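Data first, discussion second: the structure below is written as structure tokens.
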Protein chains: 2
Amino acid sequence: MNAQAQHDDTRQRLISTAGEIFAEHGFKAATVRDICAKAGANVAAINYHFGDKLGLYIEAVQAAHCGGQDLLLQAWPESMPATEKLRLFIRKMLEHFLDDTQPSWKTRLMLRELADPTEACAKLVENYIRPMAEVLHAIGLELVTDQVSEEQRWLIGFSIVGQCLFYKVHRPVANLLLGAERQSILNIDVLAEHISQFSLAALGKALPVTCDGAALTDHIRRLHAVHN
Amino acid sequence: MNAQAQHDDTRQRLISTAGEIFAEHGFKAATVRDICAKAGANVAAINYHFGDKLGLYIEAVQAAHCGGQDLLLQAWPESMPATEKLRLFIRKMLEHFLDDTQPSWKTRLMLRELADPTEACAKLVENYIRPMAEVLHAIGLELVTDQVSEEQRWLIGFSIVGQCLFYKVHRPVANLLLGAERQSILNIDVLAEHISQFSLAALGKALPVTCDGAALTDHIRRLHAVHN
DNA sequence: AATTGTATTAAACATCTGTTTTAAATCAAG
DNA sequence: CTTGATTTAAAACAGATGTTTAATACAATT
């Protein structure tokens, strides 16, 4: 193992270890000693490789959003119906956020940065969030007509993403509210189906969540009134 | 000013000052010296009145959710249509979160605690979140039929709250994404109207967001197919 | 007026934390 | 093998941070 390799190795080890610890405790509460200990590096390594603690943090945030967006891009054929694209988008997003099998520090760290922005935030938004927003935007253009304004399309996007984010950011609250016996609904399949149907129904591309006979009759009557 | 009054005064001053600073920086990054300085108290005051820093934090979180829920309870007459109740609920919630005129440290501190729970979280959920959830629950029972399961009603509630929370927790991101010229849509009137229509449409209680003629025809045909 | 319990203050303490220094080790190039 | 640059290691440093101590001020009680 030569010096360069060793160099890159500790550098990389520091970044990923720091990512985990920053994601868990936040920038201030994470200590350089803790990071170095878990990375098997000397305390001085951080300052040598990254200048200071903030430099390491910024690189960790950058590492968190490099190679992550491919999870959401080109995941479906162009010919697929827009409603199905949205369903897939929602599902991929939930998997991305809620999948516990793979290390979750990347999304946790990014969400921390987005809620509590430092100088790393702008790059994160441009490199990671905006590409996602554009994918959603494209789906939106297919789904809704030209009569829907640009601004309204942004709001629709926020409504969809907001629903998905809730289960990541406020999962502890959802757990407490639901109680032990109802936790089962907090899995990806159920949530993806619900958010998809809720959102598509809001856009008039799926049946409303309530499918009661009388309510549906009322609803259809109302629609006809507008339509004619 | 007698001793007892002075006592209560510094105690209260410490709690509200701590609330502001904890809300702004989080538990770890906030320093007792900063809190005491801004509260005009001695450094030892925190340990004298609250035992330690964590004790003060817990009292600050408690102060943040005492007397705050009345903003959401009994704000409408029982006879009001459920759709209007939901509109009001959403509006009140947004005002509660986004109103910049009143000190916002209470909601910010609560959201911090909810996203990063300490021992103060359980009480916060029971005293503040659950009452709100029950109000929303009651509206939900009026809006949807008995055919909608308990679990599904929870998910509907999370969809509504998730949309509202997005603009509080991730406002910086929304700002960056929208750019300067589109910031105007991030005001309470526009957001309340959008979230209300989006959610009511999802439940079949309002027109879908897209009101294009052809799309509407398709939509109605689909509804009829289910209805008959 | 003396005493007592409570609240405030200034100072000190012990530990933690980010950073720097200095020296040793490692390794590629000449 | 030597040289020179790069990386690691141990120790120390300076400042910040939560907490404690001991003295003081003050109001109520005896």
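For clarity, every value in this text was computed on a predicted model and none was experimentally measured. Per chain, numbering begins at 1; letters A, B, ... match sequence-line order.
Between B:T10 and C:dA7 there is no side-chain polar atom (N or O) within less than 4.0 angstrom of OP1 or OP2. Residue B:H49 places none of its side-chain N or O atoms closer than 4.0 Å to OP1 or OP2 of C:dT6.
Ring geometry for B:F198 versus A:F198: interplanar angle of 30 to 60°, hence tilted.
In this view, B:H25 satisfies the ring-ring contact (aromatic ring centres under 6.0 Å, His included) rule with no residue, not counting sequence neighbours. Residues satisfying the salt bridge (Lys or Arg N to Asp or Glu O under 4.0 Å) criterion with B:E20, sequence neighbours excluded, are absent altogether. For B:S16, the side chain to side chain contact (heavy atoms under 4.5 Å, CB included) partners at least two apart in sequence or on another chain are B:W105. A search for salt bridge (Lys or Arg N to Asp or Glu O under 4.0 Å) contacts involving B:E24 returns nothing, not counting sequence neighbours. Residues that satisfy the salt bridge (Lys or Arg N to Asp or Glu O under 4.0 Å) test with A:K53, not counting sequence neighbours, are absent from this structure. Residues passing the salt bridge (Lys or Arg N to Asp or Glu O under 4.0 Å) test with B:E95, sequence neighbours excluded: B:R91.
Distance, B:Y48 OH to C:dA10 P: 17 Å, rounded to whole Å. To the nearest angstrom, P of C:dA7 lies 13 Å from CG of B:L14.
Only B:N42, B:A44, listed by number, bring a heavy atom of residues 36-47 of chain B to less than 4.0 angstrom from any atom of DNA chain C. Interface residues of residues 51-62 of chain A facing DNA chain D, ordered by number: none; criterion, heavy-atom separation under 4.0 Å. Listed in residue order, the members of residues 25-35 of chain A having a heavy atom less than 4.0 Å from DNA chain C are A:A30, A:T31, A:V32, A:R33. A heavy-atom distance below 4.0 Å to DNA chain C is reached by none of the residues of residues 16-24 of chain B.
Checking A:H194 against B:S159 by side-chain atom types alone, a donor-acceptor pair falls below 3.5 Å.
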Show me the donor-acceptor pairs within less than 3.5 Å that the side chains of residues 164-173 of chain B make with the rest of the protein, sequence neighbours left out.
{"from": "B:K168", "atom 1": "NZ", "to": "B:F97", "atom 2": "O", "distance (Å)": "3.2"}
{"from": "B:R171", "atom 1": "NH2", "to": "B:L186", "atom 2": "O", "distance (Å)": "3.1"}

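Proximity of A:D116 to A:F27: side-chain heavy atoms (C-beta onward) are nowhere separated by under 4.5 Å. Counting heavy atoms from C-beta outward, A:Y128 and A:V61 have side chains that stay 4.5 Å or more apart. With a 4.5 Å cut-off on side-chain heavy atoms, A:N42 and A:Y48 do not count as touching. Within the 4.5 Å cutoff, the side chain of A:L176 has no heavy atoms near those of the B:I129 side chain.
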### Message
Pair A:Y57, A:E113 - check side chain to side chain contact (heavy atoms under 4.5 Å, CB included), show working.
### Response
CA-CA 10 Å; A:Y57 175 80; A:E113 174 63 27; 2.6 Å; yes
### Message
Does B:M132 form a side chain to side chain contact (heavy atoms under 4.5 Å, CB included) with B:V135? I'd like the steps, not just the answer.
### Response
CA-CA 5 Å; B:M132 272 183 31; B:V135 172; 5.7 Å; no
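Bending across the helix from C:dA1-D:dT30 to C:dG30-D:dC1, expressed as the angle between its end axes from five pairs apiece, amounts to 10° (10° rounding).
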